[in-house]
Amino acid sequence: QVQLVESGGGLVQAGGSLRLSCTASGTYFRFNSMGWYRQAPGKERELVAEITIGDKTNYAESVKGRFTIGRELTKNSAFLQMNSLKSEDTAVYSCKAVGFGVTYWGQGTQVTVSS
């Protein structure tokens, strides 16, 4: 079975940086896309960033210029480099991967930005 595991979340002060990682196991194929979503208390889950075949990326307007998504195909992993963090970035961040029409989700990791 395919599993996605996130790591790198934690507590950081505003203006600081964090790097999230998502690693897949239990699969021999490369995902068509991988991405990061987040959900803050009282708000709906939203797309933060995603990356597809050919390294095409898509970012939420609120994080453009601050966050960078990338992937390592040989390891079937993805990362999210978050710079210039703001208090409004506080949320649970989850990794998403899609392959052969199937969507997989990680368990999520908490990111808290203090101000």
Side-chain angles (χ1 to χ4, degrees):
Q1 63 274 26
V2 175
Q3 292 185 327
L4 303 179
V5 179
E6 303 101 330
S7 63
L11 175 65
V12 65
Q13 293 189 35
S17 300
L18 283 175
R19 184 182 177 92
L20 306 182
S21 295
C22 174
T23 301
S25 63
T27 179
Y28 294 98
F29 63 87
R30 294 177 178 177
F31 297 109
N32 294 109
S33 67
M34 298 187 74
W36 292 92
Y37 286 72
R38 68 185 181 187
Q39 185 168 26
K43 297 183 179 180
E44 296 183 1
R45 184 169 60 185
E46 64 174 347
L47 171 70
V48 178
E50 63 180 0
I51 185 167
T52 60
I53 294 177
D55 293 332
K56 181 179 180 180
T57 57
N58 182 38
Y59 296 92
E61 292 185 359
S62 61
V63 306
K64 287 183 178 179
R66 299 189 298 119
F67 292 8
T68 301
I69 188 172
R71 66 186 300 179
E72 297 180 6
L73 296 179
T74 57
K75 298 180 179 180
N76 237 354
S77 64
F79 68 85
L80 182 68
Q81 179 65 45
M82 305 184 292
N83 298 325
S84 301
L85 284 163
K86 306 174 181 179
S87 59
E88 50 262 46
D89 293 319
T90 296
V92 174
Y93 286 71
S94 300
C95 179
K96 176 186 176 182
V98 180
F100 291 97
V102 181
T103 300
Y104 305 91
W105 288 93
Q107 78 286 353
T109 184
Q110 177 70 45
V111 171
T112 302
V113 184
S114 62
S115 60

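Not measured: the values here are computed from a predicted model.
- Atoms OG and CD, from Ser25 and Gln3 in turn, are 5.0 Å apart once rounded to the nearest 0.5 Å.
- Two residues are said to be in side-chain contact when any heavy atoms from C-beta on lie closer than 4.5 Å; Ser17 and Met82 fail this criterion.
- Using the six-membered ring where Trp is involved, Phe100 and Phe29 have ring planes that are perpendicular, over 60° apart on the 30 and 60° scheme.
- Qualifying side chain to side chain donor-acceptor pair (under 3.5 Å) partners for Tyr37, counting only residues two or more places apart in sequence or in other chains: Lys96.
- Classification of Asp89 and Arg38 as a salt-bridged pair holds, one side-chain N sitting under 4.0 Å from a carboxylate O.
- From Leu85, atom CG reaches atom OG of Ser115 across 12.0 Å, with rounding to the nearest 0.5 Å.
- Looking only at side-chain heavy atoms (C-beta outward), Val111 and Leu20 come within less than 4.5 Å of each other.
- Here the side chains of Phe67 and Leu18 are not in contact, with every heavy-atom distance at 4.5 Å or above.
- Two residues are said to be in side-chain contact when any heavy atoms from C-beta on lie closer than 4.5 Å; Val48 and Leu80 meet this criterion.
- In terms of heavy-atom proximity, Gln107 sits nearest to Leu4 at OE1-O, 3.4 Å.
- Val98 places none of its side-chain heavy atoms less than 4.5 Å from the side chain of Tyr104.
- Of all the heavy atoms in Gly99 and Phe31, the pair that sits closest is N-CD2, 4.0 Å.
- Between Tyr59 and Thr68 the shortest side-chain heavy-atom distance falls below 4.5 Å.
- For the residue pair Glu6 and Trp36, the shortest heavy atom distance occurs at CG-CZ3, 3.7 Å.
- Note that the CG atom of Asn58 and the CD atom of Glu50 stand 4.5 Å from one another [nearest 0.5 Å].
- Residues Ile69 and Phe79 form no side-chain contact, since every pair of their non-hydrogen atoms from C-beta on lies 4.5 Å or further apart.
- Other residues sharing a hydrophobic cluster with Val92 under the 4.5 Å side-chain heavy-atom criterion for ILVMFWY residues do not exist; the residue is a singleton.
- Ser33 contributes atom OG, which lies 11.5 Å from atom NZ of Lys56 (distance to the nearest 0.5 angstrom).
- Other members of a hydrophobic cluster containing Leu11 are absent, since no ILVMFWY side chain comes under 4.5 Å of it, directly or through relayed contacts.
- Among all heavy-atom pairs drawn from Gln110 and Ala91, the shortest one is NE2-O, 3.4 Å.
- Considering only heavy atoms from C-beta on, Asp55 comes within 4.5 Å of Arg71 through its side chain.
- Listed for the Gln39 side chain is a donor-acceptor partner under 3.5 Å among the backbone atoms of Lys43.
- Shown here for Thr27 and Val2, the closest heavy-atom pair between the two residues is CB-CG2, 3.7 Å.
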